[in-house]
Number of protein chains: 2
Amino acid sequence: MQHKPNIVDIAEITGFSITTVSRVLNGKGEKYRISKATREKIKSVADELKYVPNEFARNLRIGKSKTIALIVPSLKNPFFAEIASVVNNEVRKYGYITLIGDSDDQVENEKNELSHLTSRSLDGMIVVPCGEEWDHLVKVQENGLPLICIDRYFEDTSLSYVSSDNYDGAYSATKYLIEQGHTDIACIQGVRYSMPNIQRVKGFADAMKNAGIDAYTVTGDAFTEQNGYLETKLLLSRGKRPSAIFAFSNMIAMGCLKALKEENVRIPEAISLITFDDNPYMNYIDPPLTCISQPVEDICKIAVKILFSHILDDDKKPKHVLLKCMLKVKESVKNVSYSF
Amino acid sequence: MQHKPNIVDIAEITGFSITTVSRVLNGKGEKYRISKATREKIKSVADELKYVPNEFARNLRIGKSKTIALIVPSLKNPFFAEIASVVNNEVRKYGYITLIGDSDDQVENEKNELSHLTSRSLDGMIVVPCGEEWDHLVKVQENGLPLICIDRYFEDTSLSYVSSDNYDGAYSATKYLIEQGHTDIACIQGVRYSMPNIQRVKGFADAMKNAGIDAYTVTGDAFTEQNGYLETKLLLSRGKRPSAIFAFSNMIAMGCLKALKEENVRIPEAISLITFDDNPYMNYIDPPLTCISQPVEDICKIAVKILFSHILDDDKKPKHVLLKCMLKVKESVKNVSYSF
DNA sequence: TCATACTGCTCAAACGATTGTTCTTTAATT
DNA sequence: AATTAAAGAACAATCGTTTGAGCAGTATGA
């Protein structure tokens with residue numbers, strides 16, 4: 001293979017200067033009054049040679065990399081995979097590319113990825129933080145790199161975030177359970193200090209209190225299948241089983257399903273289950289799970305939009321956006337109003 | 001924030017030349033006989049300034065980017081999300097990073113991503129090709145960029161690939177169905193010309209023939225839920241329904257489930273279902289789906305290993321690896337041997 | 001006829017690193 | 001003392017683009 005065609009080759013072939021070629025190829029031909037004939041000739045040669053600009057050279061020169069990074073706790077979790085997919089596609093629309101970092105839910109990894117990725121002169125960053133620390137994120141931002149948190153976030157910091165209205169989501173889910181006659185409800189939570197979790201617990205608790213129910217269980221400590229499994233096992237071994245379980249994530253719900261299945265507890269006959277997060281599989285689970293669906297696509301789109309307003313418009317004001325969730329009623333919650 | 005410290009700043013502060021600084025920072029101090037005192041001084045200043053080399057300048061100069069790209073049909077498909085996750089993590093171990101491209105299963109997008117990504121001076125590429133064309137892939141390789149296909153691949157080309165032994169997988173699945181007494185089996189295939197599909201059809205057909213069964217159905221044309229749904233609908237509307245369906249992917253299986261549910265056809269009582277691909281959700285579906293599980297993790301690990309042998313060891317020989325699948329018996333296939 | 005303005009394009013300096021070559025100084029050898 | 005070798009460091013070209021400034025040549029207006 002010869003060398004990749006560059007702007008110099010095109011200049012030599014067309015007989016114009018490098019400057020002219022560069023300007024035409026950057027769509028600045030009009031601006032610099034380069035004749036139409038010239039523009040067309042350069043473009044056609046570029047096409048013919050399948051010229052692709054060397055991003056490194058360009059980036060070196062202009063100091064922008066047209067690259068953003070996305071750090072998620074785990075791509076294996078369909079929830080984050082969807083985030084990655086949407087973010088990736090949205091970012092492409094701006095002509096940027098996405099570097100994906102996987103923190104495996106460890107703050108240490110998150111920090112490593114952060115420093116590894118920032119050496120690539122990123123233009124922006126979207127993070128689903130996995131810990132309760134945000135100093136390293138703020139520092140990145142203070143160094144001039146626009147950064148946005150999605151899903152999980154921190155209040156009272158200068159960091160922008162886009163997330164679901166977790167409080168409202170949890171409140172509606174709980175309200176729905178109560179309307180269906182449930183009073184003995186246990187929720188299995190995720191990582192305790194994480195903002196979505198805090199809000200969900202609050203929404204859950206408020207809904208209970210507002211219904212005049214003071215006794216409820218909040219247990220668990222991770223957004224994992226294992227946590228869901230163990231906590232459900234424990235709940236089932238209690239003297240009085242709750243009539244409904246509220247799982248705070250899809251993974252937790254899977255753990256619940258596993259435990260319930262093992263113990264031969266039928267859903268929703270023996271126990272009702274409602275969960276946060278939706279995904280296509282939910283429809284084919286036995287039974288289809290009633291869930292609180294997060295507007296993942298919108299969250300990502302808005303996050304990307306804000307990120308680019310930070311990058312391109314130099315609008316550095318931190319923005320905080322919460323989007324409403326949707327209750328999707330399926331078949332995993334039983335109406336127990338009249339069954340004493 | 002001032003400007004990011006660069007090698008020139010360090011040179012000025014320490015009083016040494018740019019060359020010397022560069023050599024020290026690249027660990028070539030010994031080689032160029034730079035005194036220990038000098039080395040230490042330079043390093044300490046670099047530390048103090050938190051110097052991070054500008055990857056673009058370096059890449060521009062040396063033509064390597066410590067970056068590989070992965071192109072998948074869709075991150076939303078858990079099967080590819082897992083691939084992305086594993087590849088990403090493996091690649092990190094080499095100190096490289098991964099750019100992820102999403103072709104949305106359109107060859108045109110694949111080509112675009114390809115040219116877009118190659119402008120970033122990649123060091124290597126892993127692709128799950130989505131079409132029946134490979135010219136653009138071969139061309140990339142001929143341009144000196146190591147490239148490996150995973151999952152989907154092409155024979156008789158110079159491209160390396162790592163994939164499942166789809167023939168064997170389909171053969172075992174079919175054999176299993178036959179052992180369970182099924183003779184009227186329909187399989188719903190994916191993209192026709194794709195190698196996994198071709199091999200699966202062959203495996204399926206051979207197993208049937210070897211069992212002396214000459215009548216069977218092969219239908220469908222995409223690895224999508226919609227295809228699974230439509231084809232199942234059609235199968236159900238036939239005069240004589242098959243006793244078992246073999247779905248060629250997780251997505252197709254979901255479509256089958258949807259259609260079967262709509263038509264109130266119970267699995268496995270009324271019809272048996274077996275599918276390619278496994279994932280955690282499979283266990284909680286009603287009923288848990290018997291499936292052919294692909295060794296995704298191993299496929300990715302081997303692919304990355306081969307890729308880096310191409311990149312680092314300059315071993316350019318194309319390698320072809322097929323890994324065995326595993327039959328996971330769950331509850332979606334009924335033994336109909338004695339039920340006439 | 002001479003400024004002036006516009007057209008259409010080119011020069012050359014950056015961007016930040018790497019690296020083959022070269023230079024100077026000191027030490028070792030004859 | 002003269003020659004050679006080694007040590008320690010610097011020069012300057014280079015990677016492929018972008019871009020402010022500049023330069024001919026032609027057209028316009030007074």
Side-chain angles (χ1 to χ4, degrees), chain A residues 2-43 45-46 49-67 95 118-121 123, chain B residues 2-43 45-46 49-67 118-123 143-144:
Chain A
Q2 307 61 288
H3 82 141
K4 261 181 117 173
N6 61 24
I7 208 173
V8 179
D9 299 329
I10 299 181
E12 276 168 3
I13 294 174
T14 58
F16 294 104
S17 73
I18 296 177
T19 304
T20 301
V21 173
S22 170
R23 293 197 161 126
V24 168
L25 263 23
N26 281 300
K28 297 184 181 161
E30 297 255 25
K31 190 174 158 198
Y32 286 94
R33 304 171 315 244
I34 289 161
S35 70
K36 199 162 182 198
T38 303
R39 295 207 302 261
E40 280 171 358
K41 182 160 182 200
I42 290 177
K43 277 184 190 156
V45 170
L49 261 51
K50 303 206 177 195
Y51 166 76
V52 181
N54 180 317
E55 289 291 336
F56 290 127
R58 157 180 280 160
N59 298 338
L60 175 58
R61 179 61 231 245
I62 65 185
K64 303 248 155 249
S65 61
K66 287 207 162 199
T67 301
T118 47
S119 81
R120 304 244 169 188
S121 319
D123 292 344
Chain B
Q2 305 64 289
H3 86 136
K4 265 180 119 172
N6 60 25
I7 207 172
V8 179
D9 299 329
I10 299 182
E12 277 168 2
I13 293 173
T14 58
F16 294 104
S17 74
I18 297 177
T19 306
T20 301
V21 174
S22 169
R23 292 198 163 126
V24 169
L25 264 23
N26 281 299
K28 297 184 181 163
E30 297 256 24
K31 189 174 159 197
Y32 286 96
R33 305 171 315 242
I34 291 164
S35 69
K36 200 164 182 197
T38 304
R39 295 208 301 261
E40 279 171 0
K41 182 160 184 199
I42 290 177
K43 276 184 190 156
V45 171
L49 263 50
K50 297 196 186 213
Y51 168 75
V52 180
N54 180 318
E55 290 288 338
F56 294 127
R58 156 180 281 158
N59 297 338
L60 174 58
R61 181 60 233 250
I62 65 184
K64 303 249 156 250
S65 60
K66 285 206 162 200
T67 300
T118 48
S119 76
R120 305 248 170 183
S121 321
L122 300 174
D123 293 344
N143 278 354

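The chains referred to below are lettered A, B, ... by the order of the sequence lines, with proteins before strands, and numbering in each begins at 1.
- At least one side-chain nitrogen or oxygen of Tyr32(B) sits closer than 4.0 Å to the OP1 or OP2 atom of dG20(C).
- An OP1 or OP2 oxygen of dG16(C) is reached within less than 4.0 angstrom by no side-chain nitrogen or oxygen of Lys4(B).
- For the pair Arg39(A) CZ and dT7(C) P, the computed distance is 13 Å after rounding to whole Å.
- Contact annotation for Phe16(B): backbone-only contact, meaning every heavy-atom pair under 4.0 Å involves sugar-phosphate atoms and none involves a base.
- Between the P atom of dG8(C) and the CD1 atom of Ile42(A) lies a distance of 13 Å, rounded to the nearest Å.
- For dT14(D), its base sits under 3.5 Å from the side chain of Arg61(B) at one donor and acceptor pair at least.
- As rounded to whole Å, 15 Å separates atom P of dG16(C) from atom CZ of Arg58(B).
- Taking atom NZ of residue Lys64(B) and atom P of nucleotide dT19(C), one finds them 12 Å apart after rounding to whole Å.
- Defined by atom type and a distance below 3.5 Å, a donor-acceptor pair is missing between the side-chain atoms of Asn59(A) and Arg120(B).
- For Asn6(A), a side-chain nitrogen or oxygen approaches OP1 or OP2 of dG16(D) to under 4.0 Å.
- Atom NZ of Lys28(A) is separated from atom P of dA21(D) by 15 Å (rounded to the nearest Å).
- As a whole-Å value, the separation of Asn59(B) CG from dT17(D) P is 14 Å.
- Listed nucleotides dT19(C), dT17(D), dA9(D) differ in distance to Ala57(A); the shortest reach to its side chain belongs to dT17(D).
- Of all non-hydrogen atoms in Arg23(A) and Ile34(A), the two that sit nearest each other are CB-CD1, 4.0 Å.
- For Arg33(B) against dG8(D), a side-chain-to-base donor-acceptor contact under 3.5 Å is present.
- Rounding to whole angstrom units, CD of residue Glu12(A) and P of dT10(C) are separated by 13 Å.
- Listed here is the closest heavy atom pair of Pro5(A) and Lys50(A): CG-O, 4.3 Å.
- For Lys31(A) and dT7(C), the NZ to C1' distance is 17 Å, given to the nearest whole Å.
- Residues Tyr51(B) and Ile7(B) meet the side-chain proximity criterion, which asks for heavy atoms closer than 4.5 Å.
- Phosphate proximity of dA9(D) to Ser35(B): present, with a side-chain N or O under 4.0 Å from OP1 or OP2.
- Within residues 17-27 of chain A, the residues that have a heavy atom under 4.0 Å from DNA chain C are, in order of number, Ser17(A), Thr19(A), Thr20(A), Arg23(A).
- Considering every non-hydrogen atom in both Ala11(B) and Val21(B), the closest pair reads CA-CG2, 3.7 Å.
- A donor atom on one side chain and an acceptor atom on the other are found under 3.5 Å apart for Thr20(B) and Ser17(B).
- At the heavy-atom level, Gly29(B) lies nowhere under 4.0 Å from the strands shown.
- A heavy-atom distance below 4.5 Å is not found between the side chains of Asn54(B) and Asn6(B).
- The side chain of Thr38(A) places no N or O atom within less than 4.0 Å of a non-bridging phosphate oxygen (OP1 or OP2) of dG8(C).
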